[in-house]
S.K.: 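Here it is: the structure, laid out below.
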Amino acid sequence: MTCKNFIKAVAASFALAVISAPTISQAETLRVMRGAPSSALNVPMNRAVVVESDTPFTELSIANPGIADISSLSDRTIYVLGKEPGRTTLTLLGGDGRLITNVEIHVTPDIAEFKERLEQILPGEPIEVRTANDGIVLSGTVSSIARLDRAMELAQRYAPDRVSNLMSVGGTQQVMLKVRFAEMQRSVSKSLSSSIALQGSAIGNSLGISGGTNALNTSGAITSSLDGSTPSSNDSNGAFLFGFNAGGIEVGILLEALEARGVVRTLAEPNLTALSGQEAKFLAGGEYPIPVSQDGGGITVEYKPFGVELNFTPRVIDGDIINLELSAAVSSLDTSNGFSANGFNVSAFKRRETSTTVEMRDGESFAIAGLLQDDFVDLNGQVPWVGDIPILGALFRSAEYKRSQTELVIIVTPHLVTPTRGEVLALPTDRVQPPSERELFLFGRVAAEDAPKTGGAGEVARQDFSGSYGYVLDD
């Protein structure tokens with residue numbers, strides 16, 4: 001019994017070894033029809049094929065040795081080695097010098113090895129590989145642009161500059177970019193100045209005095225102050241004028257004080273959607289005309305955009321990883337730094353911009369730009385020497401300082417998006433209906449009370465906006 005089991009096990013092992021052994025490919029055989037061309041012979045590059053002929057030959061030649069190399073093993077056997085992708089012709093001659101056949105040799109890239117490497121590097125990607133002429137054709141749907149680039153780079157190793165890309169990228173390939181511009185400006189300025197004006201005569205009218213300091217250093221200001229009038233215009237928040245006579249001399253003292261504080265908040269949130277690899281542009285603002293002098297004295301007008309500008313190019317690299325090339329700017333007119341020339345008044349621009357490239361996942365955020373600017377100006381003016389006198393010198397001095405702080409932050413958040421039905425989207429104007437004549441003239445309503453019932457606007461109308469959020473205006 002034991003011997004029989006052993007014999008059965010040996011037989012089963014032998015049968016399994018025969019089944020699992022690799023199949024040895026047979027040499028291709030040329031079916032020769034004397035004087036007629038043979039069918040094409042496909043040879044992988046850097047691989048050899050042994051070909052057998054039914055008819056003995058005495059001479060053979062290859063048209064282009066750079067594409068394939070040949071050698072005869074016998075009068076019926078030919079050894080063909082593929083060297084470079086391309087097509088050439090193998091000619092066989094018989095003993096009488098007559099033509100036996102012409103064989104078209106087609107050397108193609110070794111796609112068998114390429115397929116193995118492609119499966120190792122990009123497992124699970126349904127990429128189809130074919131040969132076309134002397135190149136490789138890739139087709140199928142890949143999961144991301146990064147994997148498509150890897151497949152193309154690998155194919156270039158086997159067929160340099162002869163790769164045709166028919167692949168498409170699946171998944172979501174549209175990116176919505178949400179950008180938040182937040183800027184806060186704070187400014188504080190204070191100034192305190194005192195001025196004195198003198199006019200009259202002393203020592204028996206033998207000495208005349210007329211003069212002033214700081215704001216009262218002109219004849220008009222002196223006359224006005226001695227007449228009891230404060231300056232006609234100034235930037236001060238407080239101005240006090242005191243006057244008295246000292247013999248034949250009139251004295252006027254002007255005290256001016258200024259304190260100003262200001263806060264400016266700027267917030268913009270542009271949203272823009274673009275296809276992966278395509279540039280998108282956004283501008284919410286306007287264009288300012290600028291005169292430009294031309295040769296010959298002519299004047300032309302060029303328009304410079306201002307407002308919230310956004311240019312970006314998204315690329316979905318792999319899955320939900322997004323590469324962003326981004327350029328963002330916020331600009332506004334600055335009339336304080338403008339100039340006038342030839343009758344034209346041209347304003348300057350205040351501009352804050354950034355340009356960068358970042359990489360992040362869907363829904364993640366980056367603060368791509370931050371700026372904290374702190375300007376401080378301190379100014380002290382006085383009449384030389386006299387202003388250094390204690391207590392009394394204050395009448396001959398003026399002091400002021402200004403401090404301005406600006407803080408700017410730009411935050412970007414990309415999202416992978418897909419289209420939806422138009423009826424589920426709500427517009428800001430959908431919830432506002434024009435009033436009827438009865439509602440307008442009798443009840444003074446500027447919008448109809450009937451809210452939409454369907455679509456995205458109806459969904460928004462059913463929500464509760466009675467809290468301290470949303471677009472609510474209190475009368």
S.K.: On a heavy-atom basis, which atom in Asn380 and which in Ser398 lie closest, and how many Å separate them?
M.R.: OD1-O, 3.0 Å

S.K.: Search all heavy atoms of Leu275 against all heavy atoms of Pro314 and return the closest pair with its distance.
M.R.: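 The answer is O-CG, 3.9 Å.
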
S.K.: Minimum heavy-atom separation for Val188 and Arg261, please, with both atom names.
M.R.: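 Minimum heavy-atom separation between Val188 and Arg261: CG2-CG, 4.1 Å.
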
S.K.: Answer yes or no: is there a side-chain heavy-atom contact under 4.5 Å between Glu309 and Glu353?
M.R.: no

S.K.: In Å and rounded to the nearest 0.5 Å, what is the NE2 to CD1 distance from His106 to Ile67?
M.R.: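 Interatomic distance, His106 NE2 to Ile67 CD1, rounded to 0.5 Å: 9.5 Å.
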
S.K.: Identify the two heavy atoms, one from Pro291 and one from Ile299, that lie closest to each other, and give their separation to 0.1 Å.
M.R.: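 So the minimum-distance heavy-atom pair works out to CB-CG2, 3.9 Å.
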
S.K.: Rounded to the nearest 0.5 Å, what's the gap from CG on Asn42 to CD on Glu104? Could you check?
M.R.: 9.0 Å

S.K.: Taking all non-hydrogen atoms of both residues, which atom of Phe114 and which atom of Ile136 are closest, and how far apart?
M.R.: CE2-CG2, 4.2 Å

S.K.: Please find the pair of heavy atoms, one from Pro414 and one from Met360, that lie closest to each other, and give the distance.
M.R.: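 Scanning both residues completely, I find the closest heavy atoms to be CD-SD, 3.1 Å.
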
S.K.: Given side chains that start at C-beta, do those of Val107 and Glu84 come closer than 4.5 Å, heavy atoms only?
M.R.: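 Sidechains of Glu84 and Val107: no contact.
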
S.K.: Is there a donor-acceptor pair closer than 3.5 Å between any side-chain N or O of Thr58 and the backbone N or O of Gly94?
M.R.: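 Such a contact is found between Thr58 side chain and Gly94 backbone.
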
S.K.: Stepwise, does the side chain to side chain contact (heavy atoms under 4.5 Å, CB included) test hold for Ile78 with Leu92?
M.R.: CA-CA 10 Å; Ile78 307 169; Leu92 295 133; 3.2 Å; yes

S.K.: What distance do Arg361 atom CZ and Asp320 atom CG have between them, rounded to the nearest 0.5 Å?
M.R.: 5.0 Å

S.K.: Taking the side chain as every heavy atom from C-beta outward, state whether Arg186 and Arg403 have any pair of such atoms under 4.5 Å apart.
M.R.: no

S.K.: Answer yes or no: is there a donor N or O on one side and an acceptor on the other, between the side chain of Lys83 and the main chain of Pro65, under 3.5 Å?
M.R.: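 Yes, because the side chain of Lys83 sits within donor-acceptor range (under 3.5 Å) of the backbone of Pro65.
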
S.K.: Tell me whether Arg352 contacts the main-chain N or O of Lys350 through its side chain, where contact means a donor paired with an acceptor under 3.5 Å.
M.R.: yes

S.K.: Calculate, to the nearest 0.5 Å, the distance between atoms CZ and OG belonging to Phe376 and Ser404 respectively.
M.R.: 12.5 Å

S.K.: Going by the angle between their ring planes, with limits at 30° and 60°, are Phe349 and Phe306 parallel, tilted or perpendicular?
M.R.: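 Judged by the thresholds at 30° and 60°, the geometry between Phe349 and Phe306 is tilted.
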
S.K.: Heavy-atom distance under 4.5 Å between the side chains of Leu416 and Val175, does that happen here?
M.R.: yes

S.K.: Any donor-acceptor pair under 3.5 Å linking the side chain of Thr89 with the backbone of Ala63?
M.R.: no

S.K.: Are more than 12 heavy atoms, taken from residues, nucleotides or ligands other than Gln120, located less than 6.0 Å from that residue's CD atom?
M.R.: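 Counting other residues, nucleotides and ligands, CD of Gln120 exceeds 12 neighbours.
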
S.K.: For the pair Lys281 and Ser327, evaluate side chain to side chain contact (heavy atoms under 4.5 Å, CB included) and give the outcome as yes or no after the intermediate values.
M.R.: CA-CA 9 Å; Lys281 298 182 179 181; Ser327 176; over 6 Å; no

S.K.: Salt bridge or not for Arg157 and Glu113, using N-O below 4.0 Å?
M.R.: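 Judged by the 4.0 Å cut-off on N to carboxylate O distance, Arg157 and Glu113 do not form a salt bridge.
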
S.K.: Quick one: CG on Leu60 to CG on Leu90, what's the gap to the nearest 0.5 Å?
M.R.: 6.0 Å

S.K.: Are Leu148 and Asn165 packed together at the side-chain level, in the sense that at least one heavy-atom pair is separated by less than 4.5 angstrom?
M.R.: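 With C-beta onward as the side chain, the pair touches.
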
S.K.: Begin from the C-alpha positions of Ile321 and Glu359 and carry the test side chain to side chain contact (heavy atoms under 4.5 Å, CB included) through to its verdict.
M.R.: CA-CA 7 Å; Ile321 300 179; Glu359 191 173 289; 3.8 Å; yes

S.K.: Taking atom NZ of Lys402 as the centre, report whether more than 12 heavy atoms of other residues, nucleotides or ligands fall under 6.0 Å from it.
M.R.: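 No, NZ of Lys402 has 12 or fewer neighbouring heavy atoms, counting only those of other groups under 6.0 Å.
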
S.K.: Tell me whether the count of non-hydrogen atoms from other residues, nucleotides or ligands lying under 6.0 Å of CD in Glu153 goes above 12.
M.R.: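 No.
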
S.K.: Considering only heavy atoms from C-beta outward, does the side chain of Val80 approach that of Val103 to under 4.5 Å?
M.R.: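 Side-chain contact under 4.5 Å: no.
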
S.K.: Any side-chain donor-acceptor pair under 3.5 Å between Gln405 and Glu407?
M.R.: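 Side chains of Gln405 and Glu407: no pair found under 3.5 Å.
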
S.K.: Given the rule in the side-chain hydrogen bond (donor to acceptor under 3.5 Å, both in side chains) test, do Thr413 and Ser365 qualify, once you have shown the distances and angles that lead to the verdict?
M.R.: CA-CA 4 Å; Thr413 305; Ser365 298; 2.5 Å; yes

S.K.: Report yes if the side chains of Leu326 and Val358 come closer than 4.5 Å at any heavy-atom pair, otherwise no.
M.R.: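 Side-chain contact under 4.5 Å: no.
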
S.K.: Just wondering, do Ile105 and Ile70 contact through their side chains at under 4.5 Å, heavy atoms?
M.R.: no

S.K.: Are any side-chain N or O atoms of Thr88 and backbone N or O atoms of Asn64, one a donor and one an acceptor, separated by less than 3.5 Å?
M.R.: yes

S.K.: Is it true that Ser168 and Thr141 share a donor-acceptor pair across their side chains at a distance under 3.5 Å?
M.R.: yes

S.K.: Taking atom CD1 of Ile317 and atom CZ of Arg147, what is their separation to the nearest 0.5 Å?
M.R.: 13.0 Å

